[in-house]
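Worksheet for the structure shown next.
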Protein chains: 2
Amino acid sequence: MPAPQRVTPERLVAAVREIAERDGLDAVTMSAVAAAVGVRAPSLYKRAANRHALLRLAADDATRELLDEMRAAAVGSPRHALAAAARALRAFAARCPRATSLVFSAPGPDAGPSAAAMAPAMAFLLDAVHPLSPDDPLSAARTLTAWAYGFCTMEQNGAFRQGGDVDAAFERGLAAVLRGLRT
Amino acid sequence: MPAPQRVTPERLVAAVREIAERDGLDAVTMSAVAAAVGVRAPSLYKRAANRHALLRLAADDATRELLDEMRAAAVGSPRHALAAAARALRAFAARCPRATSLVFSAPGPDAGPSAAAMAPAMAFLLDAVHPLSPDDPLSAARTLTAWAYGFCTMEQNGAFRQGGDVDAAFERGLAAVLRGLRT
DNA sequence: GTCTATAGCATGATAGAC
DNA sequence: GTCTATCATGCTATAGAC
């Protein structure tokens with residue numbers, strides 16, 4: 001039996017994501033990640049060409065995880081499925097805010113999700129939105145995504161300081177966007 | 001007549017914003033800003049307590065500028081005024097992407113706009129959205145802002161790689177959100 | 001208000017031994 | 001694959017002279 005690798009890909013991506021959520025994306029440094037997986041910084045360069053490649057590992061992983069959760073949630077009528085997918089996104093963003101920002105607005109193109117990781121997510125979204133806006137599903141998908149991502153980002157950044165019920169605002173916004181999309 | 005200050009507040013904030021737009025928020029360092037205004041780094045600590053305070057100067061300035069432009073654009077019927085304000089936001093975000101992210105999701109609460117700078121912007125928005133959603137203007141304002149900010153962020157981060165007409169997607173999304181908000 | 005000088009630290013990345 | 005050692009660079013922030 002082969003000697004077990006000290007740094008498996010799973011452990012590596014888990015370490016990156018954990019550091020990112022706990023200390024922020026800037027804290028994902030070669031040495032911090034190395035320490036988390038129990039090696040020295042130079043050894044990491046055998047696994048990832050540089051810091052951004054490390055972030056991309058996390059971005060791809062998070063993209064897959066988010067897609068899984070949206071898929072699992074999206075059942076029922078087209079409208080209901082879309083609403084459930086949006087709520088799944090919000091739940092994911094609440095649980096993994098840094099990973100979410102990595103998926104939607106990474107610090108540089110090489111740190112964001114690869115095209116291969118994004119493709120299935122886009123396909124799922126277009127599929128889900130098609131019944132509501134068969135004439136222009138791409139615009140509709142962008143509208144829904146932009147709203148949901150913007151809402152979650154602002155929520156996490158404390159942009160909603162006016163008080164009020166943020167959960168209710170999410171549900172009202174979701175209803176409004178879905179209402180507006182129907183053509 | 002008093003000797004003119006080498007570092008006026010105007011020059012300082014202009015330097016911060018220029019560096020931020022040109023090289024990114026991370027490039028706004030004490031020494032970079034100092035060099036831009038023609039002094040040494042330690043001298044800056046007389047003007048701002050630390051790096052985040054420097055960013056807040058830019059955030060407050062950008063907030064005022066954005067509000068001015070939205071105000072100037074928001075004429076006509078309530079619906080038309082809101083659409084124009086949203087387009088003004090998109091234009092501002094295209095011109096000053098880093099400042100925009102500073103306004104809506106700064107890297108830390110002390111780097112974002114001060115409450116004093118935010119208040120008039122919130123008031124304007126609530127006022128503008130009130131005719132459409134008199135029963136819950138706060139949720140409506142959040143929905144519109146979240147969508148517009150999310151759209152602009154994703155646009156700038158190259159999240160719309162599927163091609164298609166992004167301008168048209170913006171207009172369609174805007175129409176959909178405004179349609180959905182009317183109660 | 002500005003300067004020089006410096007402390008103190010973290011970073012990304014590489015060379016070469018094992 | 002991993003290590004030690006190291007380079008070169010950058011940063012925030014402070015002390016104290018002028």
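Reckoned from all heavy atoms, side chains included, excluding hydrogens, waters and symmetry mates. This structure is a prediction, so every number in the text was calculated from the model and none was measured.
Taking atom CE of B:Met30 as the reference point, atom P of D:dC11 lies 12 Å away to the nearest angstrom. Taking atom NE2 of A:His52 as the reference point, atom C1' of C:dT11 lies 13 Å away to the nearest angstrom. Protein atom NZ of A:Lys46 is 16 Å distant from nucleotide atom P of C:dC18, rounded to whole Å. The distance from atom OH of B:Tyr45 to atom P of D:dA15 is 12 Å, rounded to the nearest whole Å. Taking atom CG of B:Asp26 as the reference point, atom P of D:dG10 lies 15 Å away to the nearest angstrom. Whole-Å rounding puts the A:Leu54 CG to C:dA13 C1' distance at 14 Å. Atom CG in B:Leu55 sits roughly 14 Å away from atom P in D:dC11 (whole-Å rounding). Here the P atom of nucleotide D:dA13 and the CZ atom of B:Arg40 are 19 Å apart, to the nearest Å.
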**OP:** Would you sort out whether A:Arg71 and A:Asp127 count as a salt bridge (charged side-chain N to carboxylate O under 4.0 Å, His left out), showing the intermediate values?
**Re:** CA-CA 11 Å; A:Arg71 258 199 242 276; A:Asp127 226 53; over 6 Å; no
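The residue among A:Pro42 and A:Ala32 whose nearest nucleotide of DNA chain C lies closer to the 5′ end is A:Ala32.
Atom CZ of A:Arg40 has 12 or fewer heavy atoms from other residues, nucleotides or ligands within 6.0 Å.
OP1 or OP2 of D:dG1 has not a single side-chain nitrogen or oxygen of A:Ser43 nearer than 4.0 Å. At the phosphate of C:dA10, neither OP1 nor OP2 sits under 4.0 Å from any side-chain N or O atom of A:Ser31. Between C:dG12 and A:Arg51, a contact under 4.0 Å exists linking OP1 or OP2 to a side-chain N or O.
Residue B:Thr29 is classed as a sugar-phosphate contact, given heavy-atom separations below 4.0 Å to backbone atoms only.
Identified under the ring pair (Phe, Tyr, Trp, His ring centres under 6.0 Å) test for residues 161-183 of chain A, with sequence neighbours left out: A:Trp147-A:Phe170, A:Phe151-A:Phe170.
Using a 4.5 Å heavy-atom threshold, the side chains of B:Leu57 and B:Val16 count as separate.
Listed nucleotides: C:dA13, D:dC3, D:dG1. Nearest to the side chain of A:Arg47: D:dG1.
Here the shortest heavy-atom pairing between B:Gln156 and B:Ala94 reads NE2-N, 3.7 Å.
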